[in-house]
Every structure is written in structure tokens, then in C-alpha cells.
Amino acid sequence: MPRGPAMRWTTATLRAMSTQTSNAPSATRRGDIHRWRNTLIATTRDAPSDAELPSHVLMSRAGFIRRVGAGIYSYLPLAHRTLNKLCAIIREELEAAGSMEMLMPSMEPMEFFAGSKRDVDYGDNLFRLTDRHGRVAALAPTHEEIITDVVKAAVTSYKQLPLNLYQIQTKFRDEFRPRAGLLRCREFLMKDAYSFHLDIEGEGGLDEVYETMRTAYTNIFQRCGLDFSAVEAESGPIGGSASHEFMVNCETGEDTIMVCPETGYAANVEKCEIGERQWSLDHAATAEHQEHHTPKMPGIDLVAGALGTTAAGMLKPLVMQPAEPADDRPAWVLVTVRGDHDVNEGKVRDALGYAVKMGDEKAAKEAGFAIGYVSPRMVEKVESSVLVIDHDAVNGPTWATGADKYDHHDTGFNWQRDMAGVFGSASATDETPHARVRIAEVRNAEVGDPSPRAKGARLEARRGIEVGHIFKLGDKYSKAGDFQIMDKDQKRRHVIMGCYGIGVSRTMAACVEMSHDDNGIVWPVPLAPYAVVITLIKPEDEQSIDTATTLAASLATEGYDVLIDDRAERPGVKFKDADLIGFPLRVTIGPKTLEQNSVEIKSRSAESEAELVAIDDALEACKRRL
RNA sequence: CGGGGUGUAGCGCAGCUUGGUAGCGCGUCUCGUUCGGGACGAGAAGGUCGGAGGUUCGAAUCCUCUCACCCCGACCA
């Protein structure tokens with residue numbers, strides 16, 4: 001016979017406590033009551049040595065996750081409970097937004113990817129496997145192709161649209177470098193939704209559903225108790241403000257968000273616009289041209305130092321080329337920004353009307369570019385090239401730049417004098433001074449740049465973890481999968497799609513990253529594996545058990561999940577574990593409290609001390625704190 | 001992929017330079033004393049030293065190959 005109270009907790013009594021007796025659906029879900037002794041909750045003092053970030057360390061130590069391989073984790077019962085709560089919230093909000101749940105396979109034949117060329121776009125990030133017949137399949141990273149195929153088979157008329165479908169499922173990405181525990185995995189839990197429309201605008205159009213989903217996302221993350229920002233993001237194929245990311249605000253986040261403190265405008269650095277700056281082409285030369293020998297200087301700061309200037313005094317021309325060559329596109333795109341700025345490929349694409357990529361180094365050298373020592377003058381020397389200059393790189397009388405021959409740089413470069421061929425007759429603020437020259441905003445925004453939304457305001461930077469991303473896909477996949485339907489005018493048209501993702505397992509980790517202290521995790525109530533832990537100081541004491549049972553039952557009736565710590569451990573161990581796991585509320589029951597006919601209640605988050613509450617008032621006291 | 005590093009008990013580590021048959025802390029099990037913030041004493045269990053090959057009387061230790069994993073750089077939920 002086991003020692004202690006185990007014999008008092010028969011399976012039957014537990015079932016009676018935690019199971020609904022009626023078959024009718026109830027508004028409030030009955031909470032679970034579990035005993036620690038019967039669960040798998042293994043806490044440790046030390047974290048695995050590879051864990052660095054708080055979320056990784058704490059979730060490992062608190063017994064939420066266990067690493068199986070690189071970027072692969074088991075979700076232990078605690079994590080599974082939290083994930084389920086997150087999923088329940090997601091389901092409720094998406095169903096309310098008119099989305100229907102379904103489930104697609106993780107394995108999909110490679111042919112599906114050929115049409116959309118994502119087998120190429122995803123490259124090595126796509127997990128591939130070969131079956132016994134030599135057929136190649138992929139473990140799905142997302143399901144645009146499959147869902148398009150499914151809907152295409154069933155939907156032939158505009159009358160069946162709009163349609164909005166989602167699934168919650170394990171996804172696979174063969175990340176080059178999985179890291180940071182659950183934040184960047186090779187296998188992870190994701191909610192992906194897809195919507196289908198005849199039009200972008202109007203009733204039932206993409207824009208309308210996109211807004212509905214945006215609201216649903218806001219509701220989801222709010223209900224989770226997360227501190228988050230919805231920011232404008234790089235959108236891909238359609239352009240405009242057609243994409244938003246949902247970021248959990250957190251200093252350890254990998255993404256940088258730019259924020260205008262006055263208007264609340266927020267955007268990913270990739271996307272962030274920059275407010276108007278003064279610029280002019282009309283700068284007369286103030287210095288003589290001079291060539292300098294600058295061998296073996298990796299890094300622009302070294303070169304700038306050798307030339308007696310700073311990175312901000314240099315021009316940084318990058319040799320790029322169209323991502324997809326075409327007859328009406330040049331072979332080379334020379335993008336020039338100030339030395340201390342970074343080129344933003346999305347903005348170059350918007351300025352030019354087509355996407356660009358870094359130029360092939362070998363081909364660039366053959367075309368005459370002295371890679372590493374290039375100047376904007378090359379646009380005059382290389383046929384089939386265009387020059388794109390950032391506003392900040394054009395605005396100044398004297399620049400240092402490459403000399404267009406190896407190991408040499410020039411100082412005293414002046415746009416008007418040294419490139420008279422293209423700037424000679426241009427007016428001071430002409431953004432197209434020459435057929436092959438464009439002046440545009442093509443750099444990333446930086447801290448201190450003028451806000452694009454409020455005069456005088458300066459952009460600030462914040463960090464975040466991306467947990468959700470919604471965007472307007474347009475007809476990319478319906479064209480790739482040739483999905484057309486008949487419209488009112490009996491014309492066949494490609495459907496318009498939207499796509500909406502939430503990294504479910506990542507959201508759980510981001511929540512820990514955002515909400516923890518020195519003692520452990522601090523779960524918001526909606527995501528906590530159990531809202532309440534009842535710590536028994538003397539787990540074998542009958543009166544303690546009775547009190548705990550009664551309180552747990554009434555909490556469960558109110559919909560709260562309760563864990564009863566009935567382990568034969570010393571109190572200190574139980575308190576430490578409760579703090580580590582991060583239950584929002586701890587109710588302590590022991591001889592000392594029972595003497596006064598009371599229990600002790602303590603919030604995990606609040607600074608306030610533990611409070612002694614009469615047993616009869618315990619339920620209400622708990623509810624007030626949850 | 002480029003650069004750096006690590007594989008020894010469930011977790012954290014020492015031992016390797018200078019070969020001699022594996023140890024410490026936490027955890028686990030037993031007994032006793034304890035019992036409101038990670039107790040103490042006594043005893044016990046647990047390891048193909050990542051894998052293969054080689055050198056040697058003898059390899060965790062030296063050599064070769066290999067596998068796995070981690071950290072720093074370009075993508076993404």
C-alpha cells in the first residue's frame with residue numbers, strides 16, 4: 001500500500017470531480033483537477049547547457065519541454081496544456097471571424113511545389129524525403145499549394161466565395177541554424193489560414209476579410225495576455241500596406257521594429273518608411289579629386305579611416321541585378337547608399353518596378369566592376385546598367401568612394417562635376433535626372449530618422465518576436481495552380497488569396513520570454529497550464545486534503561484548472577517549483593492555516609505578500625485575483 | 001555554408017597536457033532524524049567515456065576517419 005494520501009484519491013472520485021455530468025454544452029468549461037503525483041512534471045535545478053535564452057532555460061527547467069534533436073522538442077504535459085489553451089483561444093476567435101477548421105497532411109508530393117516554384121524559393125529549408133518507390137515528397141512548411149488544390153476541386157463559382165479555412169498543425173522547416181529553444185525550431189506548431197476571394201475590394205473581397213482577420217489576431221493576442229504590437233511588414237508580391245506582423249514586445253527579440261512615438265506608426269525595419277528629408281543635387285564641388293591606395297581593408301570603417309573621413313562621408317555602391325532578367329530590364333543595377341546606411345532590397349524593387357538580388361560576383365567582375373572598389377561612375381562605363389541613388393547619398397558636395405580599380409579609393413568625388421554626363425542638365429530635385437538614373441529612398445530606416453507620419457518626430461527602435469503574420473497573397477498561388485472561377489460576367493478569373501499565420505509553439509515561448517523573473521515563469525492566466533496550484537504542506541493530513549478537494553472542486557466549477565501539489569516534499573521545494581513553473585495563483589494549505597480555519601493565497605505576479613483568507617472566502621478570493 | 005567550440009550517469013561538470021581500467025555536485029532508491037522558501041546523517045543503484053579503426057602489454061586520455069550537437073553571421077511562424 002502506498003504511503004500518504006494516495007489511497008484517498010480513487011480514479012472514481014477524480015472523475016466525479018472533473019467530468020461534466022450533463023451532455024448539454026456549457027458556457028463555462030469545467031476546469032481540470034490534477035494531482036502532482038500523477039503527472040509528469042519534472043523540474044530541475046540546472047538547465048541543459050545549450051539553453052541560453054530565458055524561455056529556453058525556464059521551459060526546460062520547469063519541465064515543459066525536452067530536446068529530442070536539433071530544433072526538435074517534445075512538449076511535455078505542462079507545455080501541452082498551455083498550447084491547448086492557446087489553440088482554444090485561436091479557434092474561438094477564428095471561428096468567430098468566419099474561418100473553418102480543417103486538417104491537411106504534413107507530407108506533400110514534390111510536384112505541388114513545382115508549380116509555385118517554392119521548391120526553389122525555399123531551397124534547403126524544405127525538408128525532402130524519398131519513399132521506397134523513389135518518389136520525392138516534402139514535409140510541408142506551409143500549405144498554400146495544397147489548400148489551393150483542395151479548394152480548386154470544390155469551388156467553381158464566385159457564388160461560393162469568399163471562403164476562409166484554417167488548420168493547426170505541425171510544420172517543418174530545415175532551418176540552417178535552429179536555435180533559441182522553441183523560438184526557432186525545425187518542427188513547430190503553427191496555425192495557418194487561407195482565404196479565397198473573387199476581388200480585392202468590395203463585399204467579400206480580400207481587403208474585407210483581411211481586416212476581419214487582423215481584428216481576430218488582435219483579439220487572440222489580447223486574450224492571451226501578451227504585450228504585443230501589430231506592425232506594418234514587408235509584403236511581397238502585392239505591395240502597399242498589405243502585410244502586418246504581430247510582435248511580442250521583448251528586448252531579446254530577433255526583429256527590430258521602428259516606431260513613431262507621436263502617431264503610433266510601427267513597422268518592421270524591412271518595411272519602415274522614412275519621413276521627408278532635405279536633399280538637392282545642386283552641390284558645387286568643394287574639393288579636388290584624389291586617388292588613394294587602400295589595400296586589404298575589409299569593412300567600410302577601415303577604409304573611411306584611411307581616407308580621413310567616416311562611413312557617413314562615403315558612398316557605398318552595391319552591384320545588383322534583376323532577380324528575373326527580362327529584355328526591358330538592365331543587366332546591372334548599381335544601388336548607392338551612404339556608407340553608414342544599409343540597402344533595402346524591397347525599396348529598390350518598389351523604385352524600379354522589379355525585384356533585384358545581389359549581383360553574381362564573377363559575372364560582375366567580367367562586366368568590369370572592381371568589386372569592393374566600385375564607384376557610381378560605372379553606370380556610364382557599363383552598358384545595360386542603371387543607377388539608383390538614395391536621397392541621403394546624393395545630398396552633399398564631397399564624397400569618398402571606390403576608384404573603380406582594385407585596391408584604390410577616391411576622395412573629393414562630386415556628383416555634378418564627376419558625373420556631368422548624367423547630371424549636367426538636371427534640376428536640383430529631379431528624381432529622374434537621366435534615363436538611367438533614379439533617386440529614391442532605398443535604405444533601411446534607422447533610429448533618429450524623421451518619422452513618415454509626423455513632422456518633427458524621430459523614429460525609435462524596439463525589439464520583438466514575430467508570432468503572427470498576415471498578408472495578401474493575391475493570385476500567386478491561384479495562377480501557379482491554375483485556379484480560376486467564373487464571375488458574374490461569365491468570365492474566368494484567377495481567385496485572390498490571403499494568408500494568415502500564427503506560430504503557436506513560438507507564441508508560448510515568446511510569452512515566457514516576455515513574462516518571467518529571477519524565480520521562473522510568470523504565466524498570464526489564460527495561458528497558464530493550471531491557473532491555481534494548491535500546495536499542501538502536509539499532504540498526508542486529512543483535513544488538508546478535504547480542504548484542498550473542496551476548494552479545487554469549486555474552482556473547477558468556475559472553469560479554472562487546478563493542480564494539487566500532494567508530493568511528499570519539503571515545503572521549500574514545493575514553493576520553488578511553483579514559482580519556477582509560474583502558476584498565476586498559489587493556495588497554501590497547512591496546519592498553520594487550518595488552525596485559523598483559513599488558507600494562504602499568493603499571486604505569482606503581484607509584489608504583494610501572501611494573504612491569509614478564511615476557507616469559506618477562499619473561492620471568491622481566488623476569483624478576485626485571477 | 002563560412003568561422004569558433006563541445007561530446008564522460010537523468011541534469012550540470014572534473015579527469016585528457018604527462019596512457020594504468022572513471023570521479024564530483026544535483027537528482028534517484030533505502031533507513032533514521034527533520035518538516036512554511038531547494039534539510040542533515042548513513043548506506044545503495046546508475047556510465048558501450050558519441051561511433052569506427054589504429055598505436056600500445058594497457059586508451060576517456062595519443063593518432064586517423066566519422067557522426068551528433070552548440071555558439072557567431074545571410075531567412076522565417
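Note on naming: letters A, B, ... go to the chains in the order of the sequence lines (proteins, then strands), and numbering restarts at 1 for each one. These numbers come from a predicted model, not from an experiment.
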d([atom1], [X]; [atom2], [N]) in whole Å:
X: I41(A); N: G27(B); atom1: CD1; atom2: P; value: 18 Å
X: E245(A); N: C75(B); atom1: CD; atom2: P; value: 13 Å
X: R506(A); N: A77(B); atom1: CZ; atom2: C1'; value: 5 Å
X: H469(A); N: C75(B); atom1: NE2; atom2: P; value: 14 Å
X: L183(A); N: A77(B); atom1: CG; atom2: P; value: 14 Å
X: E175(A); N: C76(B); atom1: CD; atom2: P; value: 10 Å
X: D517(A); N: G37(B); atom1: CG; atom2: P; value: 18 Å
X: E254(A); N: A74(B); atom1: CD; atom2: P; value: 10 Å

If the [atom1] atom of [N] is compared with that of [M], how far apart are they to the nearest Å?
N: G27(B); M: A45(B); atom1: C1'; result: 13 Å
N: C40(B); M: C35(B); atom1: P; result: 14 Å
N: A68(B); M: G25(B); atom1: C1'; result: 26 Å
N: A9(B); M: G15(B); atom1: P; result: 15 Å
N: G5(B); M: A44(B); atom1: C1'; result: 37 Å
N: G7(B); M: A52(B); atom1: C1'; result: 16 Å
N: G12(B); M: C70(B); atom1: P; result: 13 Å
N: A60(B); M: G51(B); atom1: C1'; result: 14 Å

According to salt bridge (Lys or Arg N to Asp or Glu O under 4.0 Å), who are the partners of [X], at least two apart in sequence or on a separate chain?
X: D617(A); answer: none
X: K191(A); answer: none
X: R45(A); answer: none
X: R570(A); answer: none

Pick base, sugar-phosphate or nothing for [X], based on heavy-atom distances below 4.0 Å to the nucleic acid.
X: V573(A); value: base
X: D255(A); value: base
X: D577(A); value: base

Is there any salt bridge (charged side-chain N to carboxylate O under 4.0 Å, His left out) pair reaching into residues 66-75 of chain A, and which pairs are they, with sequence neighbours excluded?
->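 Residue pairs passing salt bridge (charged side-chain N to carboxylate O under 4.0 Å, His left out), neighbours aside: D50(A)-R67(A).
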Can you run down the salt bridge (charged side-chain N to carboxylate O under 4.0 Å, His left out) pairs that involve residues 68-88 of chain A, sequence neighbours left out, and say none if there aren't any?
->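 Checked against salt bridge (charged side-chain N to carboxylate O under 4.0 Å, His left out) - neighbours excluded - the pairs reaching residues 68-88 of chain A are D32(A)-R81(A), R81(A)-D561(A), K85(A)-D561(A).
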Go through the N and O atoms of the side chain of R173(A) and the base of A77(B), and report whether any donor-acceptor pair is under 3.5 Å.
->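 Yes.
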What about R61(A), does its side chain sit under 3.5 Å from the base of G27(B) through a donor-acceptor pair?
->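 Answer is no: no donor-acceptor pair is held.
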Pairs under 3.5 angstrom, nitrogen or oxygen only, protein versus nucleotides 48-50 of chain B, please.
none

Look at R67(A) and C70(B) and indicate whether a side-chain polar atom (N or O) is within less than 4.0 Å of OP1 or OP2.
->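 Yes, because at least one side-chain N or O of R67(A) sits under 4.0 Å from OP1 or OP2 of C70(B).
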Letter by letter from the 5' end, nucleotides 6-12 of chain B scores (B base, S sugar-phosphate only, - none; protein heavy atoms under 4.0 Å) ----SSS
Which nucleotide, if any, forms a Watson-Crick or G-U wobble pair with [N], using both distances under 3.5 Å?
N: G41(B); answer: C31(B)
N: U48(B); answer: none
N: G23(B); answer: C13(B)
N: G7(B); answer: C67(B)
N: C1(B); answer: G73(B)
N: A59(B); answer: none

Apply salt bridge (charged side-chain N to carboxylate O under 4.0 Å, His left out) to the pair E595(A) and K592(A), showing each step before the final yes or no.
-> CA-CA 5 Å; E595(A) 256 172 42; K592(A) 282 187 188 170; over 6 Å; no
Of E52(A) and T142(A), whose closest RNA chain B nucleotide lies nearer the 5' terminus?
->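 Nearest nucleotide further toward 5': that of E52(A).
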Could you pick out which residue, H56(A) or K574(A), lies toward the 5' side of RNA chain B when each is mapped onto its nearest nucleotide?
->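 Final value for this comparison: K574(A).
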Taking atom types as modelled and ignoring hydrogens, do the side chains of [X] and [Y] form a donor-acceptor contact shorter than 3.5 angstrom?
X: Q167(A); Y: D192(A); value: yes
X: Y217(A); Y: Q222(A); value: no
X: D342(A); Y: N444(A); value: no

What donor-acceptor contacts under 3.5 angstrom involve side-chain atoms of residues 581-591 of chain A, with partners at least two apart or in another chain?
unit_1  : atom_1 : unit_2  : atom_2 : d
R586(A) : NE     : T588(A) : OG1    : 3.2

Considering only C70(B), G38(B), C72(B), which nucleotide approaches the side chain of A70(A) most closely?
->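 Shortest atom-to-atom distance from the side chain points to C70(B).
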Of all the nucleotides listed (A77(B), G37(B), G27(B)), which has the minimum atom distance to the side chain of D579(A)?
->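 Of all the options, the side chain of D579(A) is nearest to G37(B).
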Which is it for H56(A) and F64(A) under the ring-ring contact (aromatic ring centres under 6.0 Å, His included) test, yes or no, and what are the steps along the way?
-> CA-CA 10 Å; H56(A) 192 184; F64(A) 280 74; over 10 Å; no
Check: residues 246-255 of chain A side-chain donor-acceptor pairs under 3.5 Å, at least two apart:
unit_1  : atom_1 : unit_2  : atom_2 : d
N249(A) : OD1    : S229(A) : OG     : 2.7
N249(A) : ND2    : D227(A) : OD1    : 3.0
N249(A) : ND2    : S229(A) : OG     : 3.2
T252(A) : OG1    : E513(A) : OE2    : 3.1
E254(A) : OE1    : R184(A) : NH1    : 3.0
E254(A) : OE2    : R179(A) : NH1    : 3.3

Identify all side-chain donor-acceptor contacts of residues 501-512 of chain A below 3.5 Å with residues at least two apart in sequence or on another chain.
unit_1  : atom_1 : unit_2  : atom_2 : d
S505(A) : OG     : L189(A) : N      : 3.0
R506(A) : NE     : L183(A) : O      : 2.9
R506(A) : NH1    : E466(A) : O      : 2.9
R506(A) : NH2    : L183(A) : O      : 3.1
T507(A) : OG1    : G503(A) : O      : 2.5

For nucleotides 33-36 of chain B, give me every protein contact, N/O to N/O, under 3.5 Å, one pair per line with atom names.
unit_1 : atom_1 : unit_2  : atom_2 : d
U34(B) : O2     : R570(A) : NH1    : 2.7
G36(B) : N2     : E600(A) : OE1    : 2.4
G36(B) : N2     : E600(A) : OE2    : 2.5

Taking the side chain from R173(A) and the backbone from P141(A), do they hold a donor-acceptor pair closer than 3.5 Å?
->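 Flag set: sc R173(A) to bb P141(A) pair under 3.5 Å.
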